[in-house]
Student: 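For reference, the structure I am asking about is given below.
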Amino acid sequence: MELKYEFERIEKKWQQRWEQAGCYKAETGSDKPKYFALVEFPYPSGDGLHVGHPRPYTALDIVARKRRMQGYNVLFPIGFDAFGLPTENYAIKHHMHPVAVTERNIAHFTEQLKMLGYSFDWDRVVDTTDPDYYKWTQWIFLQFFKKGLAYKASMPVNWCTSCKVVLANEEVVDGVCERCGAPVVKKEKSQWMLAITKYAQRLLDDLDELDFIERVKIQQRNWIGRSTGAEVDFATTAGDALRVFTTRPDTLFGATYMVISPEHAILKDWEGKLTNLDEVRAYQAEAARKSDFERTELQKDKTGVCLQGVRAVNPVTGQEIPIFISDYVLATYGTGAIMAVPGHDTRDWEFARKFGLPIVEVVKGGNVEEAAFTDCETGILVNSGFLDGMPVEEAKKAITAWLTEQGLGQEKVNFKLRDWVFSRQRYWGEPIPIVHCDKCGWVPLPEDQLPLRLPDVESYEPTDNGESPLAYMTDWVNTTCPKCGGPAQHETDTMPNWAGSSWYFLRYMDPNNDKALVSPEAAAYWSPVDWYNGGMEHTTLHLLYSRFWHKFLYDIGVVPTKEPYQKRTSHGMILGLNPRNFANLSPEEQAELVRTCGSEKAARRYLVEKYGEMAEHPIVKMSKSLGNVVNPDDVVRTYGADTLRTYIMFLGDFEKAAPWQDNAVKGCKRFLDRVWNLADSCTDSPELTPANESAVHKTIRKVGADIEEMKFNTAIAAMMSLVNDLYANGASKGDMGVLLRLLSPFAPHIAEELWEILGFEGFCCLQSWPEYDESKTVDAEVEMAVQVQGKLKTTVKVPVDSPEETILEAVLADGKIQRLMEGKEIVKTIHVKNKLVNLILKPKA
RNA sequence: GCCGGUGUGGCGGAAUUGGCAGACGCGCCAGACUUAAAAUCUGGUGGGGGAAACCUCGUACCGGUUCGAUCCCGGUCACCGGCACCA
């Protein structure tokens, strides 16, 4: 046929045909088994698609395409998570409306995604900034509010001292403003909160039943941070009680002082009794002024003030002990107060040393003069009255029982997880559908008034006083109270960008429903997501948030499953070569640099001096400033989408970070060229070529299994090997039919074109997935390793499954083995079926 | 500090989890085709020794278990990611 592989023409042609034929439409309610494959929808930034996007997208496209070929009704959707700061900042800078910016960016992303040949169902696209979409985001918020899970609380927010603006946590990098580099301090502001902590235990427990990769589960468990201990009340000389949380109630006899956080509310009650109130107030002010950055910087150096005028009483020793305030105790964890046991807690030990406080040993096993002894496994209680002689775990139980009996405390579980700060003082987000009325307080908007649309404003600039730009829209702000009809104001804060992404996968199931966020039928048919792949950076944010929302929706009867995603996997980042690293310079540049610097060592040192430490890393994140960003458009133009898809799956272990290497892309192009040319020379026989039969069956097995295990790189390597075999042995149309179906999920366009050229019927991408015959994957002969004393000496070819005697006969006939055996006898043979024999020799007596 | 991960040729990476280390690809070397180059095709390619058959070393480092260790155990080092005063 002598046709050239014109990837550009072929890719356009098949993208059109697939779309016309509706090959990738998901059908709600179909009799086929369903499969919901999900990728994280992109934020449509002005920069367009990054080469990092195709990695997870191609991976799940391969899975979706394979499932379709396996007879599933597949839902593989895409959408846009379009609210967010970069768009807002771009709109401010270029005086464009964020809606227009978003529209343009989505159009660009859509074009790029289509160019890559993904089998998305384009009829189900969602856009979080579409009022028909965010209507339901607001609806969910109202349900949270009605159940008491959305509430207002005064919270410290990040305040940039230079921009004079509230920053999202994501905008604070290492304690400074991401944009201007000025220090960020905390400022009190009333914020909407979502009570995710009410779901902490369920979010933890239900992880066990999910098919998430282990590192995701571990990170979520650590983030939720459950710990079991006890709450204990310490009576004070002020006549009240100070409650603490501890995970080591067994060490109660060793509590020689107490510490409360500078923000602790009890300080107000004690004001009249404190004789050093000025000193205490100064410390409180200092702590409030400190940024997070300073607080962590100074972490090791403990500070504090001893309260004069109020002391506490240790409930078991009856001793009066001092109370300190110190910022090493956090106001937001436990009760904001601790009993300090310097003998058995590292932080308390440091503090006690600094302030000259007594250190009492109550668990034997270490030397409390040298360091705190914190081991719970081996320690035995001492100096602890009725606990003496008990191991730690037993003592914990005994003391907790005693405290409960005395009414001084009880067992208590605490979580590190905090409630979710849900307000942003920004324009480009979902308006919070709540009205404030002086008479009625916070009143939810009636559901039939949703969506509460964003108004058009003159300026999207954040304001100087930390209010949302919406606050200046008096026409929009002023409204009437839905409850009493009196004057009221809309809430001017908007939702964070995590809101719309917390439930988007549900909307794909039923994207145009205007009666409900998803119909019960669609939810019942498609739930849960069968396979969700996304970045590790979302593990403790988006992934946890959306699990929380889903559980809430389950509780109010909107969705049928208590978990949204059955399986979660994660891909590694695509990195770039560092153009400032010596090894990545061209040979000419290297030589030049070595000449001017004197030696290679000096050249490397020069680069580090010029560019900083970063020049020492050959592989780094892609960044515009380094100029090592790869644009997928360029790759597609030069090599085609199929080559990009194949390369990005071939370049390394899917779960690990991997560097993009331009010249390696050629290898994948060469592979596809070889597949193309093979179609020219293949015979018309519809059967497998006998010489290729076992290789074909093995490849079917390997590619199928590897896709399930996300080992896409070795799946491609197996197909490359098969192509090498087909060249060596000659290929038939039958061989090609299998190869093209295996290749189709990876490189769908070329597979489709060759499928047509070779005269096969229908779409290649809708054929059934090839099946292999286990018996045909077995070769007639195997090459077995022959070892002497465990070291490889030679190999022998024997019929498969040969008995040991047959193999030994062949081995002993080998000249080399005979030489090695001179003057020796076999004392033992180890035989591993079809793999190896190992002879243990000993000199003859 | 705590939790998790990784360490294999010049490079990206394989190795059915205790059984022939380096599949597949890049790069490089040689040859074919070409006036030449590119492209393509064929062969070679971990280090050291040897003309060769072959010998020998080799999966971050040290030690152990085993007939046999990239894989298991003990220790050390380096790098990456997450959390970080969570009582």
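Every chain is numbered from 1, with letters handed out A, B, ... down the list of sequences.
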Student: Can you tell me the distance, in whole Å, between the CH2 atom of A/Trp223 and the P atom of B/G4?
Tutor: 18 Å
Student: Would you mind reading off the distance between A/Phe671 atom CZ and B/C41 atom C1', rounded to a whole angstrom?
Tutor: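 Rounded to whole Å, this separation is 18 Å.
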Student: Would you call A/Lys396-A/Glu393 a salt bridge at under 4.0 Å N-O?
Tutor: yes
Student: Could you give the NZ-to-C1' distance, from A/Lys835 to B/A15, as a whole number of Å?
Tutor: 11 Å
Student: If we take the C1' atom in both B/A23 and B/A60, what is their distance in whole Å?
Tutor: 23 Å
Student: Using distance alone, with no hydrogens and no angle criterion, decide if A/Arg674 and A/Asn724 have a side-chain donor and acceptor under 3.5 Å apart.
Tutor: yes
Student: When you compare the protein's N or O atoms with those of nucleotides 23-30 of chain B, which come within less than 3.5 Å of each other, and at what distance?
Tutor:
{"unit_1": "B/G25", "atom_1": "OP1", "unit_2": "A/Asn724", "atom_2": "ND2", "d": "3.3"}
{"unit_1": "B/C26", "atom_1": "OP1", "unit_2": "A/Arg670", "atom_2": "NH1", "d": "2.6"}
{"unit_1": "B/C26", "atom_1": "O2'", "unit_2": "A/Asn663", "atom_2": "OD1", "d": "3.2"}

Student: Between A/Arg418 and A/Thr332, is any side-chain donor less than 3.5 angstrom from a side-chain acceptor?
Tutor: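 There is such a pair (donor and acceptor under 3.5 Å, judged by atom type) between the side chains of A/Arg418 and A/Thr332.
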Student: Which nucleotide in the set B/A15, B/G13, B/C54 lies at the smallest distance from any side-chain heavy atom of A/Lys711?
Tutor: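 The answer is B/A15.
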Student: If the threshold is 4.0 Å, N to carboxylate O, is there a salt bridge linking A/Glu6 and A/Lys4?
Tutor: no
Student: Would you confirm whether the ring centroid of A/Phe650 sits within less than 6.0 angstrom of the ring centroid of A/Phe746?
Tutor: no
Student: Take atom P in B/G4 and the same atom in B/G75, then report the distance between them in whole Å.
Tutor: 15 Å
Student: Using the rule given for ring-ring contact (aromatic ring centres under 6.0 Å, His included), can you reason through A/Tyr647 versus A/Tyr639, listing the C-alpha separation, both sets of side-chain angles and the distance that settles it, and then say yes or no?
Tutor: CA-CA 10 Å; A/Tyr647 173 64; A/Tyr639 298 104; 9.1 Å; no
Student: Does the separation of the ring centres of A/Tyr257 and A/Phe355 fall below 6.0 angstrom?
Tutor: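 They do not qualify: ring centres at least 6.0 Å apart.
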Student: Strictly by Watson-Crick or wobble contacts shorter than 3.5 Å, is anything paired with B/A53, and which nucleotide is it?
Tutor: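 B/A53 is paired with nothing.
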Student: Which nucleotide, in any strand shown, forms a Watson-Crick or G-U wobble pair with B/A15, with both distances under 3.5 Å?
Tutor: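 When the pairing criteria are applied, nothing turns out to pair with B/A15, so the answer is none.
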Student: In whole Å, I'd like the distance from the CZ atom of A/Phe351 to the P atom of B/C85.
Tutor: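 Value for this atom pair: 16 Å.
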Student: Return the pairing partner of B/G58 with a 3.5 Å limit on both distances, Watson-Crick or G-U wobble; otherwise return none.
Tutor: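 Its partner: none found.
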Student: Answer with base, sugar-phosphate or nothing: what part of the nucleic acid does A/Ile218 contact at a heavy-atom distance below 4.0 Å?
Tutor: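 The residue A/Ile218 makes sugar-phosphate contact but no base contact.
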Student: Go through the side-chain N and O atoms of A/Asn729 and A/Asn692 and say whether any donor and acceptor fall under 3.5 Å apart.
Tutor: yes
Student: Measuring only the C1' atom in each nucleotide, how far is B/G74 from B/C26? A whole number of Å is fine.
Tutor: 39 Å
Student: With both distances kept under 3.5 Å, what pairs with B/C77, Watson-Crick or G-U wobble?
Tutor: B/G7
Student: Between N or O atoms, less than 3.5 Å apart, protein on one side and nucleotides 66-72 of chain B on the other: list the pairs.
Tutor:
{"unit_1": "B/C67", "atom_1": "O2", "unit_2": "A/Asn838", "atom_2": "ND2", "d": "2.3"}

Student: Can you find a side-chain donor-acceptor pair between A/Asp301 and A/Tyr328 that sits under 3.5 Å?
Tutor: no
Student: Does the structure show a Watson-Crick or G-U wobble partner for B/C72, both distances under 3.5 Å? Name it, or say none.
Tutor: B/G64
Student: Taking only distance into account, with no hydrogens and no angle test, what donor-acceptor pairs under 3.5 Å do side-chain atoms of residues 793-801 of chain A form with protein atoms, sequence neighbours excluded?
Tutor:
{"unit_1": "A/Thr795", "atom_1": "OG1", "unit_2": "A/Glu783", "atom_2": "OE2", "d": "3.4"}
{"unit_1": "A/Asp801", "atom_1": "OD1", "unit_2": "A/Asn834", "atom_2": "ND2", "d": "2.9"}

Student: Taking any heavy-atom pair under 4.0 Å as a contact, classify A/Thr247: base, sugar-phosphate, or nothing.
Tutor: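 It contacts sugar-phosphate atoms only.
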Student: With no hydrogens and no angle check, do the side chains of A/Arg568 and A/Ser570 hold a donor and an acceptor under 3.5 Å apart?
Tutor: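 Absent: no donor and acceptor within the cut-off.
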Student: Need one value for A/Asn414: base, sugar-phosphate or nothing, where a base atom within 4.0 Å counts as base even if backbone is also close, heavy atoms only.
Tutor: nothing
Student: A/Asp345 side chain: which of B/A87, B/U6, B/G4 is closest?
Tutor: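 Of the candidates, B/A87 comes closest.
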Student: In whole angstrom, give me the gap between the C1' atoms of B/G22 and B/U59.
Tutor: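 Comparing C1' positions in B/G22 and B/U59 gives a spacing of 9 Å.
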Student: Start at the 5' end of RNA chain B and walk down; is the nucleotide closest to A/Thr795 or to A/Met536 reached first?
Tutor: A/Thr795
Student: What is the base-pairing partner of B/U42, counting Watson-Crick and G-U wobble geometry with both distances under 3.5 Å?
Tutor: B/A30
Student: Would you say the side chain of A/Lys302 and the base of B/C85 hold a donor-acceptor pair, judged only by whether the two atoms sit under 3.5 Å apart?
Tutor: yes
Student: Taking O4'-C1'-N9-C4 for purines and O4'-C1'-N1-C2 for pyrimidines, is B/G58 syn (within 90° of 0) or anti?
Tutor: anti
Student: Check step by step if side-chain contact (heavy atoms from CB on, under 4.5 Å) holds for A/Leu841 and A/Val827.
Tutor: CA-CA 6 Å; A/Leu841 304 182; A/Val827 285; over 6 Å; no
Student: Please determine whether a side-chain nitrogen or oxygen atom of A/Lys816 lies at a distance below 4.0 Å from atom OP1 or OP2 of B/C55.
Tutor: yes
Student: Taking only the P atom of each, what is the distance from B/C71 to B/A84 in whole angstrom?
Tutor: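 About 35 Å, rounded to a whole number of Å.
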Student: Regarding A/His617 and A/Asn581, is there a side-chain donor-to-acceptor distance under 3.5 Å anywhere?
Tutor: no
Student: Can you tell me, in whole Å, how much space there is between the C1' of B/C11 and that of B/C62?
Tutor: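 It comes out at 29 Å once rounded to the nearest Å.
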Student: Which part of the nucleic acid, if any, lies within reach of A/Glu783 when heavy atoms closer than 4.0 Å are counted: base, sugar-phosphate only, or nothing?
Tutor: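 Contact class for A/Glu783: base.
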Student: What integer distance in Å separates A/Asn222:CG from B/A84:C1'?
Tutor: 11 Å
Student: Whole angstroms only, please: what is the NZ-C1' distance between A/Lys656 and B/G82?
Tutor: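 One finds 18 Å between C1' of B/G82 and NZ of A/Lys656, rounded.
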Student: Whole Å only: how far is the CD1 atom of A/Ile574 from the P atom of B/G12?
Tutor: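 Spelled out: CD1 on A/Ile574 to P on B/G12 is 14 Å.
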Student: Could you give the distance separating B/C72 and B/U17 at their P atoms, to the nearest angstrom?
Tutor: 13 Å
Student: Is there a side-chain polar atom (N or O) of A/Ser227 under 4.0 Å from OP1 or OP2 of B/A87?
Tutor: yes
Student: Please state how far atom CG in A/Leu792 lies from atom P in B/G18, giving the value in whole angstrom units.
Tutor: 20 Å
Student: Which whole number of Å gives the distance between the P atom of B/G50 and that of B/C41?
Tutor: 36 Å
Student: For A/His344, report the nucleic acid contact type (base, sugar-phosphate, nothing); a contact means any heavy atom under 4.0 Å.
Tutor: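 Contact class for A/His344: none.
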Student: Which is it for B/U59, anti or syn, if anything within 90° of zero counts as syn?
Tutor: anti
